[in-house]
Amino acid sequence: MAEQNQENRIVLKIEGLTKRFGGLVAVNELNINVEQGNICALIGPNGSGKTTVLNLITGIYPINGGKIEFLGEPIQGLPPHSVCWRGIARTFQNIRILGSQTVFENALLGKGYGKGGAGIFHTVLNTPRYRKDMAESTDEVNEILEFAGLTELRRERACNLPYGKQRILEIARALVTKPKLLLLDEPAAGLNSQEIYTLMELISKINERGISILLIEHRMEFIGKLADWVFVLNHGSKIAEGTFDVIKENPDVIQAYLGRGGRKLA
Amino acid sequence: MKKVKTLLHKYILLVIGFILLILPLFTSQYEFYVVERGVQNAIQVLGLLILIGYSGMMSLGSAALLATGSYTYGILLVKLGISPWLGALLAIIITTLIGTLLAFPSFRLAGPFLVVTTVGFGEIVRILLLNLESLTGGAYGLEGYENLFADSRLVYAFMVVTLLLVAVGTQRISNSKLGLALKSIRQDEVAAEIMGVDVRRAKMVSFALSAMLAGLSGVFLANLTGYMSPDSFTSAESTTYLLMVVMGGMNSVVGAIISSIVITALPEFLRFLSSSRLLVYSLVLLIYLRVHWVKSSRPSCAGVAKKLKINIGNNKSGRGGGNG
Amino acid sequence: MTVAILFQLILNGLAMGIIYALPALGISLIWNASGLFNFAQGDLLTLGGYIMLTVFGKLNIPFIPAFMITVAAMGLLGYALSQIYFYPMLENKVNPQIILIGTVAFSVFIRNLVLVIWGTTPQTYTNPFGSQVMQIGELYLMPHVIWIVAIVTVLLSLLQYFLRSTMVGIAMRAVAQRQTASWLMGIRNDRMIALTFLLSTSIAAVSGVLISPILPLTPSMGGMIAVKAMAAVLIGGLGSFSGALIGGVAVGIAETIFAAIVDPAYRDIFIFGILVLFLLFRPGGIFKAQVSEKV
Amino acid sequence: MKNVKKAVVWLLVMAFALSIAACGNTGEKVSSQPTGTSSAPAPSDTPSKTPEASKTEKEKIVIAHLAPLTGDASFQGQILVNCAKMAVDEINANGGINGAQIEYIPVDETSTTATGIEAVRKAIALNPAAVIGPNRSGTILAAEELWKEAKIPFITDGTNAQTTQKGNPYTFRIQIASTYWIPILARTAKEHYNVTKPAVIYGTNEYSKGLWDATEPALKQYGLKPVTVQTYNDGDRDFTAQLLKIKESGADALFCYGYEAEIGMILKQRVQLGMKDLLVFGERGCSSPAIEQLAGKDNIEGLVCSTTLSQGDPETGRQEFIKKYTEKYNGAISPTHTNHYDSIYILADIIGRVGSDHEKIREELAKLDYTGALGRYQADSEGNLVHTIYTQVFKDGKWNLLLQEDYPVK
Amino acid sequence: MLKICDLTVAYSVAPVLHSVNLEVPEGKIVALLGANGAGKSTTLKAVSGLIRAHSGRIEFCGQLISGKRPDEIVKLGLAHVPEGRLVFPGLSVFENLKIGSYTRRYSPNQLKVHMDKVYELFPRLAERCTQLAGTMSGGEQQMLAIGRAMMSEPKLLMLDEPSLGLAPVVIDTIMDKITEINKHGTTVLLIEQNAELALAISHYAYVLSVGEVVLSGESEAVAEDKSILEAYLGGEQ
């Protein structure tokens, strides 16, 4: 019974995941479990395959071997949008928002296209069903924008936003998809301390809503404060996992990744 | 004055429709034909607006889809003898299906790769029209079919009303989730897909809609000319349609309609240029692209419509959708 | 079909194929240097042919000087074109789609410019390589085929050497990839891109000069060749010079044999069918072009 | 809700406007008919009065000319307009038609059917005495209802036999129909060259296809049957496949139809494939100077073609015409569409006799028998203004007249 | 060596600068610190000529360089390694390095000498000399970017956030190399967000906030002033 519970608590289960680009093995026999409600971190040197893992989970690249299970169902081989519909949302290392669209429209994009809702005929004919659908979406999006503190900027064109706000917008857009698991790719990159603080608060708030989070980050102070569990990757393989306090003492990790800076933190 | 302006703002489509409907009163028979062609082109261009302007997928095969619509209508009527309305409906359906097939290459291809594919499609259709003589009449062309209405003025009125409905529909799509999905494909396909946009489906819808409008436009073209031959559907025609979309601002329904009608009628005002007409056209387009797009090199610019400060019911927030 | 006929078909297919390869080369070059797919390459070829017609055919200047004048004039045009038109667009990061439309507009512009200046009557000038047919056994061969193959091969090797091994060549490729960085290396981006255009229009001029004694000069001639050249360049691998040559020759031979065995009327359909298959199953072409990473 | 209501009101207004528009226009159409023709005297007037009437009015007589001035066929259009313009200038310089000057208006037919129809409408809107053109059979077939409705005689130019077979009394053709033309070519092949195994190659354009359609029955008439029939698409530049098939078939003659660029290439590639001995028969397109240039003079030695004007015709009147043209337009004449020089004279002659009433011009054209500078023209029952046909052969580097005949009008 | 007087930049796409004064003495490492959006990169871009200054003077080795184009400035011996490394992904390591010497027009022998110097500094690059730069890891790309800049034998090397997006262990290496380059006689102007890192290796430091220099001095002194540092490196909006 207890084991059953344990199984249920695992949101994302990756087993033996392998990805090759030509002759290069980018991800090698990787096992990762993300538990319900946790904030997990994926760290490792540059080129160790962290972003590739996110790309494999979200279906951008086809996998060469292994299994990815989300909420007990296999999701490998699904196109990115179906992965999204199942409840996995993500952000990108380099912010990818639609510059010429407004903040609201960017967030609305998180409602996706093609999963139910009013179809093209309803859209063109402006039926009550379409209007209802649109009104509901609008309310939802406004609620999330409020949550992320972007309400005042909703009519602004996204490219006019400061960098930190664009990061937040990208996360808000991911939230609109109603994810159960949120993948964040270096959310703190390029942010100043103040912005990082805001971001950490936002991530905690998101986590409080019961959304599990898997994030990639290089800022150790960020990881130290947020992550419940850390996976360390090197050359596509996992070299360690555990809580941050344990990880940062691991000699392999220090040698491959943390170096002096890491030791200072420890 | 301001009131008039906002009113104009809101009902610009109806005003255009009204002007188009009463236009035959003031034109000679010849000028009227030019207007008819303009309206027919506008329907086609609205389809391209969805494909090129919204979704950012360049096509140089639009004349081939126009041909498909036209010829299917003609062949169904001449060879099978079915009624014009049924023929028109089937022609639109068949063109839509063929156009949707064109979406498949777009799943993997973008930019020049896709454009060359559509150029190829255009060539293929042209060659088939010329060589499948028993079906298409080959180089002799096809004639002897009935029109939708016996009175050509009724055809025109029907066409204008159709144009208005199509325009309203296109505008609504622009403000809807579908429109947003299409625009997101243009700007960042991967991000769109990650956000749960079914990119393949959106692309198919985009191709299907543009093909449907091309088919519709083709049926009208068949009705206007009463005769069809392969030479009316060359790559030069595709280029002209592209020109109409670009000059319309790539983002505005009203702009697209105005630019199609103006560009169709332009030869009449440029008579004095005689054989260097196309030279002047392309020069104008080149200058427009160079000046306008370098100045405001943003992905979306409303072009003509923006210049005229008209932007119908552009509900930026997208709330409620559509315009009254 | 006898073996002799098959060989004759291959030979004539080859002759046609190198004609496609020439503009294909120009398209690949510009693509490499500026990420721009030049739809006007075929029409630049036409223009080159017509300039040669005037200089060599009408003004009776001897072949070699006439050839140089034509190449110089076209090179100059390419330079100017880049400086006043395409570079400002590239620099301001105008939507690539718009630049693509720009090249389409240019194609229309040049075609009509030629039409207005030279008219639509098909024209030609004396074949400088001689028009005496050579007979080898049962095979017939025009001397210009050998000449063009030789010239194209030399041109290709020179280009390859230039881009791989010379500083300017590497700089050209650098500009194509990262303009800010190349500027910081001390490279004048505008001049480099203009130089690429100059090279590409010069190639167009060379192609025009080589082709127009063989095929009649009409304003739409380059456009017709370019459609096939575009198919060839994608089949061969966009950006690869050997790809352009091999793709062009492959298209030429394939269509000639198809025309003989099946039906000449449908040869273009055959070629585009092959193109679509290639694009769907091997989008990089024969010589796998660099397909930019999606993420 | 309010918006919907407003929209409905607007729609109603529009529908109303529409109905007005429809009525207004039909009304206008009816009323415009008399005003349109009022410049010419009423048909019931006695014919003798007509010349004086137009003379006193000193009105210009409008003749519109539809020709492809832009697009791929514009070089043909230029010849058409040049020839017609030459005749107009001559007539106007000599005092016009009974004192009235001809106002000659070229209208661009372009190279596509859809815009061609536009041009026909434009020509009709000019309310001319008669129209010359259209040049393209496609446009003629597509637009002939328009001039039937407008009751204006059109002297068309397409070779496609169908264009005059639709029973439209206002359609005339000064170009020789392929059905008149090809039998002469077939007979020449049979009787002068003892051809036994002819092959045919034609382009998939309406012009060449019209010629092919007439070829099979014509050959049959002389007991011949094509051993192979090849086609090509316009724009093709490589004819290896077709020529090798013809070579394999053992043909001793080739009937070759198409536009200049393609024919030039076929003739040239024929030699490049070692088939120089293959006789080639073509029609007027083959006698264009462009062919000499494209294929090379050596490669067309022995080429036989029938045409509307022979460069090698020793007859002084025609030599003079050729000289005049060459001087005026500074270039070698292409005898493809020269007959429009005569068509202006034919119209001038008729208008001079009966005035510019459409109906009378039509009647006169229908019973035409006129000998002009370039030959004799006779109207047949379909409205073909059948022209003297010249057959010439390219020998010793120049064209030589082989045969000249007025085709027996049925 | 480098002297910036009253530099003001008002450019729509970059943060604004107000009368920035800055001096880089020869042979030293000078750190330019500041939060995101403070105008650090803008300063560097203005120096290397990528963006045009609104007013002010920039002098390099006593020569006025403001208003010159980047290609002219590079020739004077001022190399700028931009943010995000910007190596040429489709060129090999060798070609990337070669292009670094574009303005110098070396003879083949000279080229080899300089190339060897870079390889000595970054042995990793020698191992990978035929690999395409785009396929290398971030750390290697950063090394390549620095090596490429060194090919032009610069008197002053300007580095824009060399630690951006790199693993801590790689950052260590890069910082060591920067010190090494400086020891060999090249003056360095270093931009960093990570103040701790930069202050550890630099001699002088400037702190930039909202387009203005708010603090400057010897690195050790600046490092001690923890509260001020925190105030300026944190609360930026």
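To find a chain, count down the sequence lines: A is the first, B the second, and so on, and within it residues start at 1.
Across all their heavy atoms, B:K177 and A:M134 have their closest contact at N-CE, 4.5 Å. Across all non-hydrogen atoms, the minimal contact from A:G99 to B:Q187 is N-OE1, 3.5 Å. The heavy-atom pair separating A:L109 from B:L180 by the smallest distance is N-CD2, 3.5 Å. Residues A:G114 and B:D198 come closest through the heavy atom pair CA-CB, 4.5 Å.
Only the side chain of A:I120 has a heavy atom closer than 4.5 Å to any heavy atom of chain B. For A:T123, the parts lying near chain B are the backbone and the side chain together; criterion is any non-hydrogen pair under 4.5 Å. In this structure, chain A has no heavy atom under 4.5 Å from any part of B:L165. Contacts between A:S137 and chain B at a heavy-atom distance below 4.5 Å involve the side chain alone, from C-beta outward. Contacts of A:I97 with chain B are absent, with no heavy-atom separation under 4.5 Å from either backbone or side chain.
Side-chain contact between A:Y130 and B:S176: present, with at least one pair of heavy atoms (C-beta onward) separated by less than 4.5 Å. Looking only at side-chain heavy atoms (C-beta outward), A:I60 and B:I194 come within less than 4.5 Å of each other. A heavy-atom distance below 4.5 Å is not found between the side chains of B:R201 and A:H81.
Rounding to the nearest 0.5 Å gives a distance of 6.5 Å between CE of B:M195 and CD of A:E170. Summarising the geometry, atom CG belonging to A:L125 is positioned 7.5 Å from atom CZ belonging to B:R172; distances are rounded to the nearest 0.5 Å. Distance check, rounded to the nearest 0.5 Å: CD1 of A:I95 to CG of B:D188 gives 12.0 Å. Remark: A:Y113 OH to B:I185 CD1 distance equals 9.0 Å, nearest 0.5 Å.
For the set B:G169, B:G179, B:A181, B:A192, the entry with the most heavy-atom pairs within less than 4.5 Å of chain A is B:A181.
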Just do the side-chain contact (heavy atoms from CB on, under 4.5 Å) check on A:R96 and B:V190 with the steps written out, would you?
CA-CA 9 Å; A:R96 300 179 84 156; B:V190 174; 3.9 Å; yes

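More than 12 heavy atoms of other residues, nucleotides or ligands lie within 6.0 Å of NZ in A:K205, so this atom counts as buried by the packing criterion.
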